[in-house]
Amino acid sequence: MSGLQPPRGTHDLIGDTMRRHHHVVETARSVLETYGFEEWSTPIFEDTRVFSRTLGETSDVVSKEMYTFEDRGGESITLRPENTASICRALVTNGLTQSLPQKAFYHGPMFRYERPQKGRYRQFHQIGAELLGAEGPLRDAEVITMAYDILKALGLSEHVVLELNTLGDIASRQAWREALVAYFRQHADALSEESRVRLEVNPLRILDSKSEQDRALLADAPAFADYLNDESRKFWDDLRSYLTAFGVEFVENPRIVRGLDYYSHTAFEFVTTKLGAQGTVLAGGRYEGLVEQMGGPAIPAIGWAGGIERLALLLEETPSVAAGIAIVPMGDEAVLKGAAIARALREAGLRAEIETRGNMKKRMERVVKSGASHAVVLGDEELARGVVQLRNLGAREQQEVAISDLVQALKGA
């Protein structure tokens with residue numbers, strides 16, 4: 001058993017790693033709540049159709065990366081590779097489609113079988129938000145601003161850039177898609193093998209290609225801006241105006257695409273150069289057919305998700321742990337009283353630990369090393385008089401305090 005390691009592409013959240021993870025989640029939570037978002041939690045596994053229908057049978061996630069298995073009842077189950085589909089399923093399942101808008105956020109583990117790399121794992125964690133029932137570009141701008149505010153609260157605004165694009169409405173996108181297909185068919189011999197397959201099943205994904213031979217063709221590919229109809233152009237103009245009004249800077253990147261048909265209008269990514277080639281730390285967009293695919297009505301929505309591990313890597317410092325109070329009782333009777341004191345301190349919201357091993361010198365060495373702010377020392381003499389010796393370890397000061405006044409003394413320290 002001594003040789004066992006966590007499975008490839010997974011990691012333990014312990015110590016500094018867990019503190020960074022927790023800090024990302026709690027910082028995001030505090031911002032999300034100011035926008036009126038409430039936390040939802042969905043199962044980490046779903047009926048496989050929740051993802052295969054919505055992500056597309058030909059997508060890389062479905063065809064190569066999902067952890068799918070048959071349970072003992074013969075049902076096809078998949079560990080969630082993302083959570084937007086689950087949130088939309090939950091909206092329909094819980095009968096909330098007539099109570100809009102719904103503002104949901106989530107955090108938790110996702111699962112994809114992919115090559116592990118810096119900040120990316122096979123079991124990874126995301127925090128995300130979905131505004132279900134999002135009418136118009138104002139809501140898109142607000143949701144993007146909310147993501148920016150989280151990054152700013154984490155101290156990351158100097159390290160990320162917001163890249164923004166429009167996918168237009170269905171009519172605009174269909175016209176552009178047809179022009180793209182015609183263009184790439186003319187140059188099919190110059191496409192990579194993977195992109196020739198994508199040309200038949202999901203041509204927009206060619207725009208994501210990392211192949212040099214594919215990218216050489218993109219410069220002359222039809223530009224989406226030439227195919228925007230008036231309604232889509234107004235949506236795009238309004239979105240940028242609202243973002244400017246919110247004080248959020250952005251750069252336009254026409255290469256940000258979403259390969260699935262239910263995405264429309266807004267697509268965005270917050271990217272960094274501090275994590276190597278895989279620089280996206282948070283991304284999202286507007287979608288308008290996903291709830292419908294879950295059996296609900298057509299409901300427009302916008303959402304985003306950020307990788308917690310990648311955000312945690314960008315933090316300048318590991319969040320500190322609140323200093324605690326060390327209780328150092330000498331003698332059996334003092335240990336009993338020390339237990340009662342520890343309970344009183346914890347009920348008052350103070351972190352308290354009882355130190356009982358070794359002589360006084362050894363105990364105090366461990367207390368100082370632990371980073372405790374104060375030590376509460378009591379022996380038989382103090383016990384007889386109902387007092388403790390309260391040591392301020394930072395100021396190196398000591399005072400005698402009545403046990404009945406200890407909580408108040410520490411609260412005021």
Less than 4.0 Å between a side-chain N and a carboxylate O, is that true for Lys369 and Glu365?
no
Using a strict 4.0 Å threshold on nitrogen-to-oxygen distance, state whether Glu353 and Arg351 make a salt bridge.
yes
Count the heavy atoms of every other residue, nucleotide or ligand shown that sit under 6.0 Å from CZ of Arg343, and state whether that count exceeds 12.
no
For Tyr287 and Gly303, work out which heavy atoms get closest and say how close.
CE2-N, 3.9 Å
Without swapping roles, check the side chain of Lys411 against the backbone of Ala348 for a donor-acceptor pair under 3.5 Å.
yes
Give every residue pair that meets the salt bridge (Lys or Arg N to Asp or Glu O under 4.0 Å) criterion with at least one member in residues 223-245, sequence neighbours excluded.
Lys234-Asp238, Asp237-Arg240, Arg240-Glu252
Determine whether Leu282 and Glu269 make a side-chain contact, defined as any pair of heavy atoms from C-beta on separated by less than 4.5 Å.
no
Any donor-acceptor N/O pair, Asp71 side chain to Gly73 backbone, under 3.5 Å
yes
When you measure from the side chain of Arg177 to the backbone N and O of Ser172, does any donor-acceptor pair fall under 3.5 Å?
no
Is a salt bridge present between Glu397 and Arg391, judged by a nitrogen-to-oxygen distance below 4.0 Å?
no
Taking side chain as C-beta onward, heavy atoms only, is Leu393 less than 4.5 Å from Val367?
yes
Evaluate the criterion side chain to side chain contact (heavy atoms under 4.5 Å, CB included) for residue pair Ile77 and Glu46; output intermediate values, then yes/no.
CA-CA 6 Å; Ile77 298 297; Glu46 298 266 8; over 6 Å; no
For Arg29 and Glu26, run salt bridge (charged side-chain N to carboxylate O under 4.0 Å, His left out): C-alpha distance rounded to whole Å, both residues' side-chain angles, the deciding distance at 0.1 Å, then the answer.
CA-CA 5 Å; Arg29 184 196 305 278; Glu26 292 309 307; 3.2 Å; yes
For Phe270, which residues count as a ring pair (Phe, Tyr, Trp, His ring centres under 6.0 Å) partner, sequence neighbours excluded?
none
For side chain to side chain contact (heavy atoms under 4.5 Å, CB included), just list the numbers for Phe111 and Arg122, CA-CA rounded to whole Å, side-chain angles, deciding distance to a tenth of an Å, and then say yes or no.
CA-CA 5 Å; Phe111 305 85; Arg122 290 175 176 174; over 6 Å; no
Heavy atoms of Ile256 and Asn165 approach each other most closely as O-ND2, 2.7 Å
Sorted by chain and number, sequence neighbours left out, side chain to side chain donor-acceptor pair (under 3.5 Å) with Arg255 holds for none
Ring pair (Phe, Tyr, Trp, His ring centres under 6.0 Å) against Phe235, all qualifying residues, sequence neighbours excluded
His265
Quick check: are there more than 12 heavy atoms from other residues, nucleotides or ligands sitting under 6.0 Å from CZ of Arg215?
no
Heavy-atom donor-acceptor pair, Gln126 side chain to Gly306 backbone, under 3.5 Å:
no
Using side chain to side chain contact (heavy atoms under 4.5 Å, CB included) as the criterion, list what pairs up with Ala153, not counting sequence neighbours.
Thr27, Val31
In the structure I gave you, are the side-chain heavy atoms of Asp169 and Ser264 within less than 4.5 Å of one another anywhere?
no
Holding to side chain to side chain donor-acceptor pair (under 3.5 Å), I want the full list of residues that pass it with Thr266, two or more places apart in sequence or in another chain.
Asp140
Pair Arg286-Glu288, salt bridge (charged side-chain N to carboxylate O under 4.0 Å, His left out): steps then yes or no
CA-CA 7 Å; Arg286 169 173 280 265; Glu288 301 194 340; 3.3 Å; yes
Are side-chain heavy atoms of Tyr148 and Ser157 found at a separation under 4.5 Å?
yes
Determine which pairs satisfy ring-ring contact (aromatic ring centres under 6.0 Å, His included) with at least one residue from residues 6-49, sequence neighbours left out, and list them in order.
His11-Tyr121, His21-His125
Partner residues of Thr145 under the side chain to side chain donor-acceptor pair (under 3.5 Å) criterion, sequence neighbours left out
none
Contacts of type side chain to side chain donor-acceptor pair (under 3.5 Å), residue Glu400, not counting sequence neighbours:
Arg385, Gln389
Kindly list each side-chain donor-acceptor pair under 3.5 angstrom involving residues 316-329, sequence neighbours excluded, with atom names and distances?
from: Glu316; atom 1: OE2; to: His159; atom 2: NE2; distance (Å): 2.9
from: Thr318; atom 1: OG1; to: Arg20; atom 2: NE; distance (Å): 3.0
from: Thr318; atom 1: OG1; to: Arg20; atom 2: NH2; distance (Å): 3.4

Show your working on side chain to side chain contact (heavy atoms under 4.5 Å, CB included) between Leu91 and Ile299 and close with a plain yes or no.
CA-CA 11 Å; Leu91 180 82; Ile299 293 175; 4.0 Å; yes
Hey, what do you get for CZ (Phe250) to CD (Glu163), rounding to the nearest 0.5 Å?
12.5 Å
Holding to ring pair (Phe, Tyr, Trp, His ring centres under 6.0 Å), I want the full list of residues that pass it with Tyr183, two or more places apart in sequence or in another chain.
His187
Which pairs with one or both residues in residues 90-104 pass side chain to side chain donor-acceptor pair (under 3.5 Å), sequence neighbours excluded?
Arg89-Thr93
Kindly compute the distance separating CD1 (Ile44) from OG1 (Thr78), expressed to the nearest 0.5 Å.
12.0 Å
Val388 side chain near Val377 side chain, heavy-atom distance below 4.5 Å:
no
Under 4.0 Å between a Lys/Arg side-chain N and an Asp/Glu carboxylate O for Arg139 and Glu142?
yes
Taking C-beta and beyond as the side chain, do Leu390 and Gln398 meet within less than 4.5 Å on heavy atoms?
no
Carboxylate-amine/guanidinium proximity below 4.0 Å for Glu200 and Arg198:
no
Side-chain contact, heavy-atom cut-off 4.5 Å: Glu39 with Tyr106?
no
